[in-house]
Structures are given as C-alpha cells and as structure tokens.
Protein chains: 2
Amino acid sequence: MAASLDTVFSALADPTRRAILAMLLEDDMAVTDVAEPFEMSLAAISKHLTVLSGAGLISQERRGRVKWCKLEPDALREASVWMQGFGMMDGLDLDAFERFLDAELADPSLLEEKE
Amino acid sequence: MAASLDTVFSALADPTRRAILAMLLEDDMAVTDVAEPFEMSLAAISKHLTVLSGAGLISQERRGRVKWCKLEPDALREASVWMQGFGMMDGLDLDAFERFLDAELADPSLLEEKE
DNA sequence: CGAAATGTCAACCAGTTGGTTGAATATGCG
DNA sequence: CGCATATTCAACCAACTGGTTGACATTTCG
C-alpha cells in the first residue's frame, strides 16, 4: 500500500505485470484466470499480484475460495504527475493514445509485448 | 537507444535517477556536477547515467574532457501514453480526454503540430 | 613535460528479483 | 466426509542491481 514512486515504477517495469494490468482493465478477475494466459506457474503470478498490490495498482478481495483482483488506476496518478513535470504532457501524444485505444478495444492481450 | 517500456520504467524506479532527471530539467550538466549533490561515488553516478542513457531518457555528448548530459523528455512519452490509457479508460482524466475530443472536433489539423 | 581533472572499467559484494518446485491451507461440492 | 479447486508459503536458484574500490585512459593546463 506504500504506493511510492519507487514501488509504482518498479511494478510497471515488468511486462508480465503490465499485461496483467491491461487485462484487469477489461474486468475484475480471479487469480487463476489472471494466470491462465501466461506460461508460468500460478505461484509466480501470485507473486506478481503481490507486487502490484504493494504498489497500490490493484486491490484484492477474497470471496469464498476465490480472490478477486481489481485494477486501481488511481495509483498511477502520482507517477503520472511526476512525469508531467517534464513537459512532454502538455497535450499527450494523441496518435499514440488512439492507437492504444484501438489496440485495447481490438484485443487487450496484444498489449503485452508492445516493445 | 532501446527505450522500451521495460527500460524506461525500470530507469524511473530509482530515486537517485529520478533526482538526476529533475536536476537536468534545469540545465545540461557535466557528469561530475551531476554527482556532486549525492553521497555516493562518481562511478555509481556514472552507472546511473548509463542506465538513463540506455532508456533514452538522457543523451550524453563528450566535449573535451567533459561529458555533458542532456535530458531527453521525449523518451517519457511512450510510458506516459501507456499510463494515461488507464486513467482515460476509467474516466480518471476525463478532462484531458474531453479536451482532446473538443480540439479534434474543432480543428483536427491543429493536432499535427505536436512535435 | 608532469600534474590535476574527468570519466569509465573491472572486479567484487550484498541484497533483490523473478522464476521454479512441493507442501500447506482454506473453501466448496457431491 | 473426502476430494477437487484456489491460492499461498517456503525453500531454493540464477541473474540482475546498486553500491564499493582501485586502476586506467584522456584531456587540459602551468
């Protein structure tokens, strides 16, 4: 819950974790369902979720057997503000933003390996 | 430089490196001057600068004995767009999104002069 | 020339990261 | 109850990080 710039940026530095966030953009998901598209163990995904949770980027609520993961995009705000200080946000890159939207609407899983 | 989301976010995850970027916002600086306010060796700062350079966040130009470091805020753009996508999708930054729509509806050609 | 200043390189070290397995803990279901 | 499901825990491992120090190369300057 610290949600410092350190923890947020370092949580975002991993492509698996960014892909998870993109998936959660669609809908809340159970841990097992989050793990399904990835070629790694459930335990590894569980750790990634812990990191995301520690950065405040997601919240998790246990309901019965299942732990639901929910995106918390507010946690991005502090980092976003920090970046705005560098002046390249006086109007974001709209072309890129539109491409993001198109890609997102077409198929969220495509966001995984953008670069 | 690579400037992938991975390298940019992980470069930003370190407070020393963020502080360096903030310093370079003021002015271009020589490596020694960048290092001066920090309580660590010059070699450590040199490594941080290598990381920043690898992420495309700074450029370095050697002039005589001195290597000048220059902020390259464009490298933040891709990361910003990625983050902003989350805010937009959740109505967090609806203001900016509406401004985007307004601007586009008013005069789409204005959007070209971004760079 | 010889000395100081500017950086980087190489080796090293401790701590963190991202992954693996196998066991453990709840919870739900027939 | 007994078994499958959902998730974490614990130990372990290789690779990476962020720091150190001392040696090295280059450039400037008296």
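Residue numbering restarts at 1 for every chain, and letters A, B, ... go by the order of the sequence lines. Predicted model only: the values in this text are computed from it and were never measured.
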Point to revise | With sequence neighbours excluded, residues passing side-chain hydrogen bond (donor to acceptor under 3.5 Å, both in side chains) with B:Glu61 | key: B:Arg63
Check your understanding: Are side-chain heavy atoms of A:Trp82 and B:Leu21 found at a separation under 4.5 Å?
Key -> yes
Check your understanding: Nearest-Å distance, CE (A:Met40) to P (C:dT17)?
Key -> 16 Å
Practice item. Output all residues satisfying side-chain hydrogen bond (donor to acceptor under 3.5 Å, both in side chains) with A:Ser59, sequence neighbours left out; order by chain, then residue number. Key: A:Glu72
Review point. How long is the line joining CG of A:Leu52 and C1' of C:dT17, in whole Å?
Key: 14 Å
Check your understanding: Taking the side chain as C-beta and beyond, is there a heavy-atom pair between A:Thr16 and A:Ile45 under 4.5 Å?
Key -> yes
**Study point:** Steps toward side-chain contact (heavy atoms from CB on, under 4.5 Å) verdict (A:Asp14, A:Val51)
**Key:** CA-CA 10 Å; A:Asp14 184 277; A:Val51 172; over 6 Å; no
Practice item. Would you check if B:Cys69 and B:Asp28 make a side-chain contact, meaning some heavy-atom pair closer than 4.5 Å? Key: no
Practice item. Find out whether B:Leu24 and B:Met29 are in side-chain contact, i.e. whether some heavy atom of one side chain is under 4.5 Å from a heavy atom of the other. Key: yes
Check your understanding: Under 3.5 Å, is there a donor-acceptor pair between the side chain of A:Arg18 and the main chain of A:Leu12?
Key -> yes
Exercise for review: Decide whether A:Trp68 and A:Leu42 are clustered together by the hydrophobic rule: side chain heavy atoms of Ile, Leu, Val, Met, Phe, Trp, Tyr closer than 4.5 Å, transitively.
Suggested key: no
Exercise for review: Sugar-phosphate means primed atoms, P, OP1 and OP2; the rest is base. With that split, encode nucleotides 3-8 of chain C 5' to 3' as B, S or - using protein heavy atoms under 4.0 Å.
Suggested key: -BBSBS
Check your understanding: Which residue pairs pass the side-chain hydrogen bond (donor to acceptor under 3.5 Å, both in side chains) test with at least one member in residues 41-51 of chain A, sequence neighbours excluded?
Key -> A:Arg17-A:His48
**Study point:** Residue whose closest nucleotide on DNA chain C lies nearer the 5' end, A:Ala44 versus A:Arg63
**Key:** A:Ala44
Review point. When you list every nucleotide of DNA chain D with an atom under 4.0 Å from a heavy atom of chain B, which one comes first 5' to 3', and which comes last?
Key: D:dG18 to D:dT28
Exercise for review: May I ask you to list the residues of residues 11-21 of chain B, by number, that have any heavy atom positioned under 4.0 Å from an atom of DNA chain C?
Suggested key: none
